[in-house]
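Data first, discussion second: the structure below is written as structure tokens.
The figures here come from the full heavy-atom set of this structure, side chains too, leaving out hydrogens, waters and symmetry mates. So you know, we letter chains A, B, ... as the sequences are listed, proteins then strands, and number each from 1.
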Protein chains: 2
Amino acid sequence: MARIDEVAAAAGVSISTVSYALSGKRPISPDTRRRVVDAAHRLGYAPNAGARMLAGRVTHIFALTEPLRRETHAPTHMSFVLAAAVAARRHDYDILLLTDQQASEGMHRVTASGLVDAILVLDVAPDDERVAIARAITTPTVFIGIPDDHEGIDCVDLDFEAAARLAVDRVADAGHRRIALIGQPESTYRLSNFPPRVRRAVADRADERGLAHTFATTGEVVTEADAVRTAVGDALDAGASALLLHGVDDMHAAVLDAVTERGIRVGSDISIVSIAASFDTTKLPIQLDTIPLIPEASCDLAVDLALARIDDPHRPTGIHLLAPVYRDAGSVTAPPSV
Amino acid sequence: MARIDEVAAAAGVSISTVSYALSGKRPISPDTRRRVVDAAHRLGYAPNAGARMLAGRVTHIFALTEPLRRETHAPTHMSFVLAAAVAARRHDYDILLLTDQQASEGMHRVTASGLVDAILVLDVAPDDERVAIARAITTPTVFIGIPDDHEGIDCVDLDFEAAARLAVDRVADAGHRRIALIGQPESTYRLSNFPPRVRRAVADRADERGLAHTFATTGEVVTEADAVRTAVGDALDAGASALLLHGVDDMHAAVLDAVTERGIRVGSDISIVSIAASFDTTKLPIQLDTIPLIPEASCDLAVDLALARIDDPHRPTGIHLLAPVYRDAGSVTAPPSV
DNA sequence: TTGAAAGCGGTACCAG
DNA sequence: CTGGTACCGCTTTCAA
């Protein structure tokens with residue numbers, strides 16, 4: 001807990017010089033600069049957080065609201081939290097946790113007390129209550145995920161439509177003429193924002209490319225292995241030679257099970273692409289081509305957006321989409337010549 | 001972002017009166033007190049975090065170090081984070097996240113900058129590197145979990161030995177004479193601190209109670225379904241009428257599978273108790289008697305300890321064990337009369 | 001029971 | 001290129 005005046009004394013300069021030498025906010029001669037840095041290092045100096053928050057108007061803290069609800073996929077969620085923390089630290093920011101029960105109370109509180117410079121919103125729901133709060137407070141807020149009503153707020157997410165098109169193009173280019181999209185449970189298409197968009201984007205692109213296409217959901221509310229089996233069976237019976245997957249890890253596993261059971265080999269008898277998977281697909285028993293939803297990418301961009309808005313509170317808000325990336329794992333090949 | 005002077009003006013009192021009226025640190029007439037509270041509420045006043053940290057010497061922030069590594073059981077981990085956040089909020093504290101890569105750097109940084117009042121350590125390993133750091137810094141640090149070398153540090157955890165004894169007593173009281181402990185994978189008994197203790201406590205208590213007992217591990221490094229099946233089979237062949245389980249969710253599920261396959265009914269043909277499960281056992285296909293490891297209990301106690309140490313930095317450190325609680329779900333009954 | 005004012009440890013402006 | 005110093009907003013003595 002060394003203080004700035006101790007560093008100043010040790011370096012034989014004034015405290016303002018120490019401040020400037022360390023922040024780099026005004027030119028300092030290389031010599032003094034070194035003396036200051038040395039002294040600071042030697043004393044283990046770090047500016048007092050409270051003093052910095054008071055004097056500067058910057059806290060160097062982001063709040064992270066995360067619902068932590070039961071239905072949240074824990075591993076995925078953890079990756080996002082970790083990615084957010086890493087991205088924040090790269091800019092000398094720390095992460096303050098706001099859990100669900102405090103979503104509203106917490107966002108208001110950190111704003112009123114000036115505890116944080118910006119708020120990052122995780123695990124965004126289509127009708128997320130935090131949208132209203134974000135509009136009501138002055139603290140810059142960035143959503144990682146896109147709610148239905150996103151007027152006037154900053155959002156970051158994967159470009160799902162582009163991802164869907166990329167997947168269709170890939171199998172079309174490989175020569176497939178009949179494809180099937182294996183999707184999420186029924187209810188998801190009513191409750192969530194993106195599954196319907198992916199579905200439509202796939203259908204539209206398939207039409208453009210002249211591909212025959214089918215679509216199937218995989219359960220009612222949660223993924224059901226039986227429903228997946230049926231969906232895969234129907235797709236194959238309809239003559240599909242390529243499957244596009246959009247869903248959780250369980251669904252992927254069930255698809256691979258169903259395919260394997262039939263003695264069909266992925267990457268030769270059938271081609272598969274996973275769209276927007278947010279889990280670690282390399283843990284699946286068979287490696288799949290993937291257009292992943294990458295937590296690091298989303299969080300990096302979110303942090304950049306937050307910093308930009310802190311810098312200029314009046315810059316226009318908007319949705320920022322991440323370009324999809326295709327990860328080839330050999331699960332797409334030319335269709336078997338019939 | 002109303003300030004204290006605005007509240008003072010609105011209430012017609014001095015700044016210091018506002019401070020005292022809100023903190024309750026000195027007697028204020030009921031009348032002025034109400035006026036102040038009203039004004040503060042009306043203006044949405046919250047003390048500026050930076051100013052409070054500077055002037056008082058209290059940040060109202062706890063750091064939470066969490067490794068977030070791959071082998072961590074994500075759902076369990078999330079429960080602990082949530083429990084810590086809730087416990088902290090009850091005392092007007094927020095949680096600042098320190099992820100793995102920053103474990104050392106972060107703990108030093110928050111200490112040097114006075115960003116937090118105390119540090120909570122999650123997901124403690126037997127040879128945890130954070131022990132050394134905790135000793136080197138002045139910030140009060142509480143471990144949720146007990147490392148091998150815990151000299152001079154504060155730790156909180158379930159009393160595993162007591163839990164083991166409780167489990168043995170329960171089945172012994174129910175009339176069982178031969179029991180089996182189904183444990184963790186081999187490597188865990190070398191790498192981790194508590195599995196061996198549970199094993200020994202079960203064995204000792206069983207001896208005291210005159211019970212025949214066996215023990216089996218369930219894999220090499222990770223839980224293997226086959227190993228579980230074998231372990232269960234051996235136990236039954238040896239005539240065990242009660243099983244004690246100490247392991248992860250997968251192991252529990254595998255045990256229930258193995259038992260069910262044999263047409264044996266839990267709670268009548270065989271009795272089962274789960275010891276120190278940190279996951280949600282109610283999600284298992286069959287409800288089991290449990291002596292759970294409760295995140296809320298651990299975190300509440302950890303926060304209390306942290307506050308106590310902030311209050312008195314010189315109080316003696318030590319291990320604080322939580323008394324085990326038996327949750328009856330009907331899976332223990334008298335052994336079938338042969 | 002209340003008020004005035006001295007810091008807390010930085011930042012950044014104003015000088016030089 | 002460097003130094004002096006007026007705040008930042010609150011807590012907490014010291015006085016009344």
Anything under 3.5 Å between a protein N or O and an N or O of nucleotides 12-16 of chain D, put it in a table, one pair a line.
| unit_1 | atom_1 | unit_2 | atom_2 | d |
| --- | --- | --- | --- | --- |
| D/dT12 | OP2 | B/Lys25 | NZ | 3.1 |

| said: As a quick check of understanding, evaluate side-chain contact (heavy atoms from CB on, under 4.5 Å) for B/Thr141 and B/Met107, giving each step before the final call. | reply: CA-CA 10 Å; B/Thr141 304; B/Met107 287 174 74; 4.3 Å; yes

Note to self: Under 4.0 Å, counting only non-hydrogen atoms across every strand here, what does B/Ala8 touch: a base, just sugar-phosphate, or nothing?
What the structure shows: nothing

Each base of DNA chain D marked ( ) or [ ] if paired in-strand (Watson-Crick or G-U under 3.5 Å), | if paired to another strand and . if unpaired gives ||||||||||||||||

query: Should B/Tyr20 and B/Val36 count as side-chain neighbours, where that means a heavy-atom distance under 4.5 Å?
result: no

Q. Is the number of heavy atoms from other residues, nucleotides or ligands under 6.0 Å of B/Arg135 CZ greater than 12?
A. yes

Whole-Å distance, A/Ile4 CD1 to C/dG10 P, equals 6 Å

In whole angstroms, the gap separating C1' of D/dT2 from CG of A/Leu22 amounts to 15 Å

Per the under-4.0 Å heavy-atom filter, residues of residues 28-50 of chain B near DNA chain D come out as B/Tyr45, B/Pro47, B/Asn48

### Working for side-chain contact (heavy atoms from CB on, under 4.5 Å), residues B/Ile95 and B/Phe62
CA-CA 5 Å; B/Ile95 295 287; B/Phe62 289 138; 4.0 Å; yes

_B/Asp312 and B/Arg309 ion-paired at < 4.0 Å_ = no

To the nearest 0.5 Å, atom CG of A/Leu122 lies from atom OG1 of A/Thr65 at 7.0 Å

Taking C/dA4, D/dG3, C/dG9 as options, the one with an atom nearest any side-chain atom of A/Val13 is D/dG3

Closest to the 5' end of DNA chain D, once A/Pro27 and A/Leu54 are matched to their nearest nucleotides, is A/Pro27

Check your understanding: Heavy atoms, side chains only, cut-off 4.5 Å: are B/Leu115 and B/Thr59 in contact?
Key -> no

Please determine whether side-chain contact (heavy atoms from CB on, under 4.5 Å) holds for the pair B/Met53 and A/Asn48, giving the CA-CA distance in whole Å, both sets of side-chain angles, and the decisive distance to 0.1 Å.
CA-CA 9 Å; B/Met53 290 164 71; A/Asn48 178 279; 5.7 Å; no

From CZ of B/Arg3 across to P of D/dT11 the rounded distance in Å is 15 Å

| field | Heavy atoms from other residues, nucleotides or ligands near CZ of A/Arg26 exceed 12 (cutoff 6.0 Å) | value | yes

Taken to the nearest whole Å, CG/A/Leu115 to P/D/dC10 is 13 Å

Original post:
Does atom CZ of A/Arg315 have more than 12 heavy-atom neighbours from other groups under 6.0 Å away?
Top reply: yes

Please determine if a side-chain N or O atom of B/Arg52 lies less than 4.0 Å away from the OP1 or OP2 oxygen of D/dC10.
no

CD1 of A/Ile310 to CG of A/Asp117, rounded to nearest 0.5 Å, is 4.5 Å

